[in-house]
Every structure is written in C-alpha cells, then in structure tokens.
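Here is how names work: the chains are called A, B, and so on, in the same order as the sequence lines, proteins then strands, and each is numbered from 1. Just so you know, these numbers come straight off a predicted model, no measurement behind them.
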Amino acid sequence: MRQNTFPRAEILKHRDFLRLQKQGKATRNPYVTAVFAPGIQDVTRLGITAGKHVGKAWQRNRIKRLIREFFRLNRHLLGRNWDINISVKKEATVLASSRLFSECKTVFLKVSEHALNGL
RNA sequence: CGAAGCAGCACAAGCGGUCGCCGGACCCUUCAGGGAUCCGGAGGAAAGUCCGAACAUCGAAGGGCAGGGUGCUCCAUAACGUGGAGUCGCGGCAACGCGAAGGAAAGUGCAACAGAAAGAACACCGCCUCGCCCUAAAGCGGGGUAAGGGUGAAACGGUGCGGUAAGAGCGCACCAGUUCCCCGGGUGACCGGGGAAGCUCGGCAAACCCCACCCGGUGCAAGACCAAAUAGGGGAACACCAGAGGGUGGCCCGCCCGAGUUCCCGGGUAGGUCGCAUAAGGAUCCGGGUAACCGGUUCCUCCAGAUGAAUGACCGCUGCCCGGCCAGGGGUAACCCGGACCGGGUACAGAAUUCGGCUUACGGGCUGCUUCGACCG
RNA sequence: GUCCCCAUCGUCUAGCCCGGUCCAGGACACCGGCCUUUCACGCCGGCAACAGGGGUUCAAAUCCCCUUGGGGACG
C-alpha cells in the first residue's frame, strides 16, 4: 500500500499564492518563511517559493526537493489541513539536508500551534 | 628519463535496500477519480544569449533611404561572424600557436607633451657663402643646406664612393621598399624569376569614410483553437458624387480604412487545448574527397516533454581524491615511495519551441602523433 | 523562457558620441586646521573611484571582444 505520498495535485496554483498573500499568516526563522491559511480542500497543500536571488537553478531545485521530501514524511505534524507556502531564503542553500529538515520541523510545529488555538 | 605541443575518444562514480515524483502503454474499478503491471525520464556544457537557421506571425513583407553586419583565398554547409585546407604577417630553439588580415598614391580628419618641423618642412643649434663696418674675428642682415646634434611612439630609405662653397638620389654601385611591365607555377590568396622608373608618397580606418557581399520587423510570453464572470460592441457584403479626417514596421513613396444601405452575432479576459518533439535524427557498412563534408545501403525509433515547473531523499558497501598519524622500503643527507587507521571531500552544473555553431565554467582517465634537452648503445 | 539597458570616490553624478588637456571634475558625507567662550554657519586643506580580463593604438574611463554583477519589458 502506498503511504506518505505527495502527488502533484497537492501543489498550490497561482491563485492560491495570491490568496495566501492577502489572507495568510506568517511564521519565520532565519532560513525559511511559512505563509499559511486554513485549507480550502480536504488535504493540506504545499507551495514553495525560491526566487532567483536564492541561487542558481540547481541550488533552487535541491532546496525544493528537500522541502517536498520533508513535507511528504512529516505532514502529520501539522494537525489539520492547511494551504502553506514555504518561502526560501538565500542562507538556506549552504545548509546540509539534515539541518534543513530540522529548521523546517520548527516551522511546522509553530504552524500546528495555530491549529490548537482554534484558528 | 625530463620538459613541452597537438589531435581524438568514452565517461561524468558504481551496486543493493526502503520511501517517493513525472510521462506513456495496457488492464481492473464504485468511472469524479483511484489502483496493479511494464517501459521511459537532464547536459557536455542543458549555462551565457554572442551568431546562424527552421517555424510562426506582422500597415500584402512592393520600391527607396536610413541602419546593422561581415571583410586574405578556395572549399564545405539549410545558414553562419562557424568549420576544413591553404596564403601572408607576428611569437616560439622547435613541435606549434595567434591574427576583425580589403582600401591610407578617392576624400575629410587625428597625433597630447616635447620638438625648428608631425607630412608637399616655414632652419633651433650647427655647416657654407654673400653684404655691411678698413681686413680678420665677433656681431647684424640676405641666401644655400636635412650630412650631424637634440626632441619624440613616429622625423621624408641604408652603406660606400664620387660630387660640392657646404650639402643633398645630385650621380653611380650594392641592399631594402613602392608602382608598373613581362615570363613561369597555382582555381585563387600568392609564390619564383627577369626588367623599367630615383618613384622613396610614414602611422591610425576596433576615426568618419570608400569598395565588395549579406540582412524587412518581431519573436513559442510567436501564433491557432475552445471559452466563464463582467462590460457592452463588433464583423461581413453591396453601393459610391465627394473624398473631411484617420491608420500605418525608424522615415518617405506607396498602401489601407473612411459619412449610405443590408445582413449576421461575434470579439475577447481568467482558465484550458494545441503548437510540443520524426528531426538539416542516430547507428552499421561501402564509395568519393588531403580534410570539413558529401552520396548510397540496411537497421532503429515507447526512447524527457514538465508548466509555482518531474528525474529525488535516507541507509549500507565499494571505488577515486585530499589531509593527519603510525608500521615498512630506498638514500650519507635533504627527501622520495608507500600499507593500515581516522577525518573530510566526490566537479561545473538542471531541459522549457527545436536544431547548427561560438564563448564561458569544470573532474579525473585513455589512445595516438610530434618537438626539444640529457644519458646509454 | 524571450528580448533590451546599465556599471566612475562612502552616496549622487560630469567626462565617453569625436582617445591625449584626466595619477579623472563637482556636490553632499568624512578627517584636520582657522574663526567662536562653545556649537552651528563660513573659510582653507586633505582622504577617496573608471566592475574584471584580453585586444586595437605611440597612448584607452572613452573604441572592440569576453566575463561578472545589477536593472527593466513582455502572459
């Protein structure tokens, strides 16, 4: 049986990014910023923003793959269904993968606190 | 053995396990969707966007101007600013490398400072001569002179002999160059040989420019089709005295629309589908050509096709590289080689319409050829 | 993705088209001095830049090529 999947349909589209920009709440640490709002579909959907200032194309692809991988394995930390946009900062490119995973974990736990507060 | 040069080739660490992503085929299903199996899934530069094309579209892309590009020759190519083979020049002992390499006796310009003068030389010092003061010297004035000094990045051929008041291609010999002519070789750039003219007229066209050749613009966010919400207009045909006025790719000529009548319902944004992967395609063999490349034969095509954008993460083992440290070996020594262990690293870098090049970034390896030096035979 | 533009003291800029006068000028800022009881103002002086690498040229901030770094337009 397939488990911990992350199909393409659970990636945010353009209009979702605009909605998050207007209505979302944000939490951040020195490496990533998470903008989030309650999900409009049954599942949690993820978007990743890594602009050109972050680095070269292969560096941006690496960061996005790592964040997708972390989301795939740790989406249960979030508590409920959200729409989340993870925005990557330039400093994240130098991190080892394990360090990046732990940074993402702190952000995910902050988001789940908002779920407990009944947002 | 050491140092160096050139050309070509394949690769871009490998294997196993677990969890995942994208596309396709086919099957099952509760037909929105979900699931099983199988197949495929980044590069030599995918990069920079520096050139060239294909393709699409744009006042019908007709003409002219402006503008841009290229610049030794021949060949190759769909085309090129690319490639191949040569020519000439420069650098290197050499192998070899580098060169935007047409024209400066078409024209206009430019050359700071220094210097007398920067291009048909106007004489600063100097040399020679004439005149003036009685002669000489000195001085002043007129003239001749580019051999010497000095300046500069660059100074109007070089050496010798003659010649002269002093000098000067002023004359002669040789050398260097230029222009023209003839002969021979080469498709040609050009090369070799001979002759004539004292012709010596320099540099910069990556200054304007001249000459030769090439280029219409825009670019897949091109463009075609389907098509919510909202707003309201748009299109076609016919007629026509007049053409006000308007639209046009940088400009002009030119071209088109343009007041009336009739008919039709479509245009277009969000969003979606196509364009979108069979192509100047790859491999084998044969033939032609010095080569780039061309012609033919057979075979292979599911062979990446995403769109907030797939090809990844973790674990283990092995390979390679670097550093540390300890055995060991060689050597008088400096030092060199090297096995185990520990730690770290494993390049540059990610397809976005598709090809042909160029440029830049970057890891180690293999093969072949050549040059120079040292030693031995 | 495609197509354009730009780069000069710490900052804003002049010079670039048409090379030499430029070891690059000006303003603000900074530093030192004078003036003032002190500060400010004013005056005098100083520090400080052609993004990097090649090429053309006697000579390059300027002309040409490559690289790097910024910025913009197009749905």
Side-chain angles (χ1 to χ4, degrees):
Chain A
M1 201 58 207
R2 289 162 64 84
Q3 52 183 328
N4 294 332
T5 63
F6 180 38
R8 189 64 70 81
E10 296 173 10
I11 285 183
L12 296 183
K13 307 295 284 185
H14 181 68
R15 62 166 73 91
D16 301 314
F17 282 92
L18 296 179
R19 188 174 65 87
L20 282 175
Q21 202 169 10
K22 280 189 173 181
Q23 305 175 357
K25 293 204 161 201
T27 181
R28 69 196 72 209
N29 70 16
Y31 302 99
V32 294
T33 300
V35 181
F36 58 97
I40 57 175
Q41 294 184 6
D42 293 338
V43 295
T44 295
R45 296 186 304 160
L46 178 72
I48 305 166
T49 301
K52 277 229 173 133
H53 64 278
V54 171
K56 302 264 190 177
W58 67 273
Q59 293 174 309
R60 285 179 279 144
N61 280 345
R62 173 177 166 270
I63 296 282
K64 288 158 85 170
R65 280 166 184 158
L66 289 171
I67 290 176
R68 276 206 311 272
E69 187 73 11
F70 178 80
F71 174 77
R72 184 172 70 80
L73 298 171
N74 297 282
R75 70 201 308 171
H76 60 274
L77 294 174
L78 293 169
R80 55 159 293 176
N81 58 320
W82 298 95
D83 284 350
I84 301 182
N85 177 22
I86 304 278
S87 182
V88 181
K89 298 191 178 177
K90 191 174 68 178
E91 291 74 14
T93 54
V94 299
L95 293 183
S97 57
S98 58
R99 179 73 194 285
L100 185 67
F101 286 163
S102 65
E103 295 293 338
C104 288
K105 190 172 184 180
T106 62
V107 170
F108 273 35
L109 291 175
K110 280 189 191 173
V111 171
S112 65
E113 287 173 15
H114 287 80
L116 298 176
N117 294 342
L119 182 113

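Figure legend. rA153(B) is base-paired to no nucleotide; pairs are counted as Watson-Crick or G-U wobble with both atom distances under 3.5 Å. Base-pair partner of rG203(B): rC110(B) (Watson-Crick or G-U wobble, both distances under 3.5 Å). Nucleotide rA212(B) forms a Watson-Crick or G-U wobble pair with rU70(B), both donor-acceptor distances falling under 3.5 Å. Across all strands shown, rA283(B) is found opposite rU298(B) as a Watson-Crick or G-U wobble partner, with both distances under 3.5 Å. Across all strands shown, rU82(B) forms a Watson-Crick or G-U wobble pair, both distances under 3.5 Å, with rA76(B). The nucleotide rU367(B) finds its pairing partner in rA7(B), both defining distances of the Watson-Crick or G-U wobble pair being shorter than 3.5 Å. Judged by Watson-Crick or G-U wobble contacts below 3.5 Å, the nucleotide rC1(B) has rG373(B) as its partner. Pair assignment for rC132(B) gives rG139(B), based on Watson-Crick or G-U wobble hydrogen-bonding distances that are each under 3.5 Å.
As rounded to the nearest Å, rC6(B) and rG92(B) have C1' atoms that lie 15 Å from one another. rG268(B) sits 13 Å from rC58(B) when the P atoms are compared, rounded to a whole Å. The gap from the C1' atom of rC72(B) to that of rG102(B) amounts to 8 Å, rounded to the nearest Å. Going from the P atom of rA78(B) to that of rA280(B) covers 11 Å, rounded to whole Å. rA347(B) sits 31 Å from rU353(B) when the C1' atoms are compared, rounded to a whole Å. Taking the P atom of each, rU70(B) and rC65(C) are spaced 8 Å apart, rounded to whole Å. Comparing rA45(B) with rC294(B), their C1' atoms are spaced 29 Å from each other, to the whole Å. Comparing the same atom, P, in rG169(B) and in rG160(B) gives a spacing of 12 Å after rounding to whole Å.
If you measure from atom CZ of Arg60(A) to atom P of rG312(B), you get 17 Å, rounded to the nearest angstrom. Protein atom CZ of Arg62(A) is 14 Å distant from nucleotide atom C1' of rC314(B), rounded to whole Å. A straight line from CZ of Phe101(A) to C1' of rC19(B) spans 12 Å, rounded to a whole angstrom. The CD1-C1' distance, from Ile63(A) to rG312(B), rounds to 14 Å in whole Å. Regarding Asn61(A), its CG atom lies at a distance of 12 Å from the C1' atom of rA46(B), rounded to whole Å. Residue Ile11(A) contributes atom CD1, which lies 14 Å from atom P of rA306(B) at whole-angstrom precision. Here the P atom of nucleotide rC21(B) and the CD atom of Glu69(A) are 10 Å apart, to the nearest Å. Rounded to an integer number of Å, the gap from CZ of Phe17(A) to P of rG308(B) is 9 Å.
Among all heavy-atom pairs drawn from Arg80(A) and Pro38(A), the shortest one is NH2-CB, 3.4 Å.
Taking the syn range as angles within 90° of 0, the glycosidic angle of rC17(C) is syn. Anti is the glycosidic conformation of rG249(B), whose angle departs from 0 by more than 90°. Nucleotide rG271(B) carries an anti base; the chi torsion (O4'-C1'-N9-C4 or O4'-C1'-N1-C2) is more than 90° from 0. Annotated as syn: rA42(B), whose glycosidic dihedral is within 90° of 0.
Salt-bridge check for Arg75(A) with Glu10(A): passed, with a basic side-chain N closer than 4.0 Å to an acidic carboxylate O. Salt-bridge formation is detected for the pair Arg72(A)/Glu69(A): a Lys NZ or Arg NE/NH1/NH2 atom is positioned less than 4.0 Å from an Asp or Glu carboxylate oxygen.
With contacts defined as side-chain heavy-atom distances shorter than 4.5 Å, the pair Thr106(A)/Lys110(A) does not qualify.
Here rG350(B) is the nucleotide among rC21(B), rG350(B), rG308(B) with the atom lying nearest to any side-chain atom of Ala57(A). Set against rG1(C), rA313(B), rA310(B), the side chain of Leu66(A) has rA313(B) as its closest nucleotide. Proximity note for Trp58(A) (side chain, C-beta onward) versus rA313(B), rC19(B), rG350(B): the nearest is rG350(B). Ranking rC21(B), rA42(B), rG308(B) by closeness to the Arg65(A) side chain, first place goes to rA42(B). Out of rC19(B), rG350(B), rG308(B), the shortest distance to the side chain of Lys56(A) is found at rG350(B).
In this structure, Arg62(A) forms no cation-pi arrangement with Trp58(A), as its terminal cationic atom is not both closer than 6.0 Å to the ring centre and no more than 45° off the ring axis.
Side-chain nitrogen and oxygen atoms of Arg68(A) include at least one within less than 4.0 Å of the OP1 or OP2 phosphate oxygen of rU311(B). Proximity of Arg8(A) to the phosphate of rU307(B): a side-chain N or O atom is located under 4.0 Å from OP1 or OP2. In this model, the phosphate group of rC314(B) is approached by a side-chain N or O of Ser97(A) to a distance below 4.0 Å at OP1 or OP2.
A donor-acceptor contact shorter than 3.5 Å is absent between the side chain of Thr93(A) and the backbone of Arg60(A).
Leu20(A) and Val107(A) are members of different hydrophobic clusters when ILVMFWY side chains are connected at heavy-atom separations under 4.5 Å.
Between Ala50(A) and Arg15(A), the residue anchored closer to the 5' end of RNA chain B is Arg15(A), taking for each the nucleotide with the nearest heavy atom. Residue Leu73(A) is the one, among Lys64(A) and Leu73(A), whose nearest nucleotide of RNA chain B lies closer to the 5' end (criterion: closest heavy atom).
Of the candidates Arg45(A), Arg15(A), Lys25(A), Asp83(A) forms a salt bridge (charged side-chain N to carboxylate O under 4.0 Å, His left out) with just one, namely Arg45(A).
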